[in-house]
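A short worksheet on the structure shown next.
Just so we're on the same page: letters track the sequence lines, and every chain starts at 1.
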There are 2 protein chains.
Amino acid sequence: MRDDVAAADSAGAGTAVGEAEQVRWLDTDQQWAWRRFLEGTSRFFEALGDAHEDDIQVSLGEYHLLVQLSEAPDWTLRMSALADFLALSRSRLTHTVARMEKRGLVTRRPAPGDRRGVHCVMTDAGYAVLVAAAPAHVTAVRRLLVDVLDADELTTLGRAMAKVAHAARTGA
Amino acid sequence: MRDDVAAADSAGAGTAVGEAEQVRWLDTDQQWAWRRFLEGTSRFFEALGDAHEDDIQVSLGEYHLLVQLSEAPDWTLRMSALADFLALSRSRLTHTVARMEKRGLVTRRPAPGDRRGVHCVMTDAGYAVLVAAAPAHVTAVRRLLVDVLDADELTTLGRAMAKVAHAARTGA
DNA sequence: ACCGGATAGTTGATGGCTCAACTATTTTGG
DNA sequence: CCAAAATAGTTGAGCCATCAACTATCCGGT
């Protein structure tokens, strides 16, 4: 219990004698990359959230919700479509939309043609908030991500994360 | 209010005439990479969290806390050091450690030499939980990240995220 | 020796997220 | 055409994170 402890990501914790060992631990390079990813995402989202608190009237999640609506016809999207785009649970979306509705940023209407469905519509006030928030948001994304990387690094990052998203969607 | 709306990440929302325009919006490729990053991280952490709920007695955050302690001499770390390593706020760490202490995974002791300080020490029970959790954790990290990417993609991802972490740490 | 400010950590209130349970509607299979 | 299952969305309880305020200790300068 001294050296074998180090790095539960890579070392032989759990190698009980006589028990089938089928875990492929991470090698040094893989572990390094994984930890950079972990720390980087954590600090990135924390810093981006801070930027939103400083300059902006909406949280990061609310901002992305408004962005999705701004790109939809009539600023309108089904709740379920919104949940898919934003990778949010239905429940969380309901709560978030309810809060934003109270602040006048969106409204809800019954969906025509499917009486189970609900449409979420961005209001003019919501659009105004989005427009006001966009400059600080984009500036922060540049400062914390886009301008920090070479163009090909950014491209590779995008491609890699597309693969990761796909793996998470399917392999769940 | 129809076409100019699309993509508040890139388009001219906020371009009031006569007002100085100094925001550099994202071009198409940059925006694509940024959105892949956003979706990928979101789905990745959700899926990894699910894996922890299925097979493991500790949440992802608690697991990483135990990993840090397992790599420290005497399974012991100052609260502030732990907070730095895990990129956690002091308050959040206090609450998390308090919960884990109740479950017997760690204990707290006054730090020798600095009467303000507190040492966090992993218990044998905590180590046992870590050992039990490691295989499923590593398997999930492989399935969702490491094995999904080419070796050079993973390396580039690690390098890129190291840069991002640095930018977030300094430019905050 | 002392005062001001920095550092270490905790606390409690508030608010958001997660989970399970629930209603209502639509679709599917027999 | 009906029953069972799938889909859409909401609700409320409990848990966790965040924030501001607070105590205690240490350091740095005079």
Between C1' on C:dT25 and CZ on A:R90, what's the gap in Å once rounded to a whole number?
14 Å

For B:S42 against A:L86, the heavy-atom pair lying closest together
OG-O, 4.5 Å

Rounded to whole Å, please give me the gap between CD in A:E46 and P in D:dA17.
13 Å

Comparing nearest nucleotides in DNA chain D, the 5'-proximal residue of the pair A:R78, A:E53 is A:R78

Just to be sure I understand the rule, does B:E62 reach a base, reach only the sugar-phosphate, or reach nothing, if contact means heavy atoms closer than 4.0 Å?
nothing

Phosphate-side-chain proximity, B:R116 and C:dT7, N/O vs OP1/OP2 below 4.0 Å
no

Between D:dA17 and B:R99, is there an OP1 or OP2 to side-chain N/O distance shorter than 4.0 Å?
yes

Taking OP1 and OP2 of C:dG16, is either one under 4.0 Å from a side-chain nitrogen or oxygen of A:R92?
no

Want to settle it: does A:T96 or A:D114 sit nearer the 5' end of DNA chain C, counting the closest nucleotide to each?
A:T96

Which part of the nucleic acid, if any, lies within reach of A:S80 when heavy atoms closer than 4.0 Å are counted: base, sugar-phosphate only, or nothing?
sugar-phosphate

Does a side-chain N or O from A:R108 land closer than 4.0 Å to OP1 or OP2 of D:dT10, or not?
yes

Determine to 10° how strongly the helix from C:dA1-D:dT30 to C:dG30-D:dC1 is bent, judged from the axes of its five-pair ends.
40°

Please answer whether the main-chain N or O of A:A72 pairs with a side-chain N or O of A:T76 as donor and acceptor at a distance below 3.5 Å.
no

Round to a whole Å and report the spacing from NE2 of B:H52 to P of D:dC16.
15 Å

Is the closest side-chain heavy-atom distance between A:H166 and A:R169 below 4.5 Å?
yes

So does A:H52 get a backbone contact from the side chain of A:H137, meaning a donor-acceptor N/O pair under 3.5 Å?
no

Whole-Å distance, A:R103 CZ to C:dG15 P, equals 13 Å

Test: B:R35 and B:E39 ion pair at under 4.0 Å
no

Return the set of residues passing side chain to side chain contact (heavy atoms under 4.5 Å, CB included) with B:V146 (not counting sequence neighbours), or none when no residue passes.
A:L26, A:Q30, B:V141, B:R142, B:L154

Does a distance-only test, which skips hydrogens and angles, find a donor-acceptor pair under 3.5 Å between the side chain of A:S91 and the base of D:dT10?
no

Given the structure, check if the side chain of B:H95 and the base of C:dG12 hold any donor-acceptor pair shorter than 3.5 Å.
yes

Tell me the interatomic distance from B:M79, atom CE, to D:dA24, atom P, rounded to whole angstroms.
18 Å

Taking NZ, NE, NH1 and NH2 as the nitrogens, is one of them in A:E46 or B:R92 under 4.0 Å from a carboxylate oxygen of the other?
no

Nearest whole angstrom, please: distance from the C1' of C:dA8 to the CG of B:L77.
15 Å

Any residue meeting side chain to side chain contact (heavy atoms under 4.5 Å, CB included) with A:L93, in chain and number order, not counting sequence neighbours:
A:L65, A:M79, A:L82, A:A83, A:L88, A:V97

Nearest-angstrom distance from the residue atom CG of A:L88 to C1' of C:dC19
16 Å

Spacing between A:H119 atom NE2 and D:dA8 atom P, to the nearest angstrom
12 Å

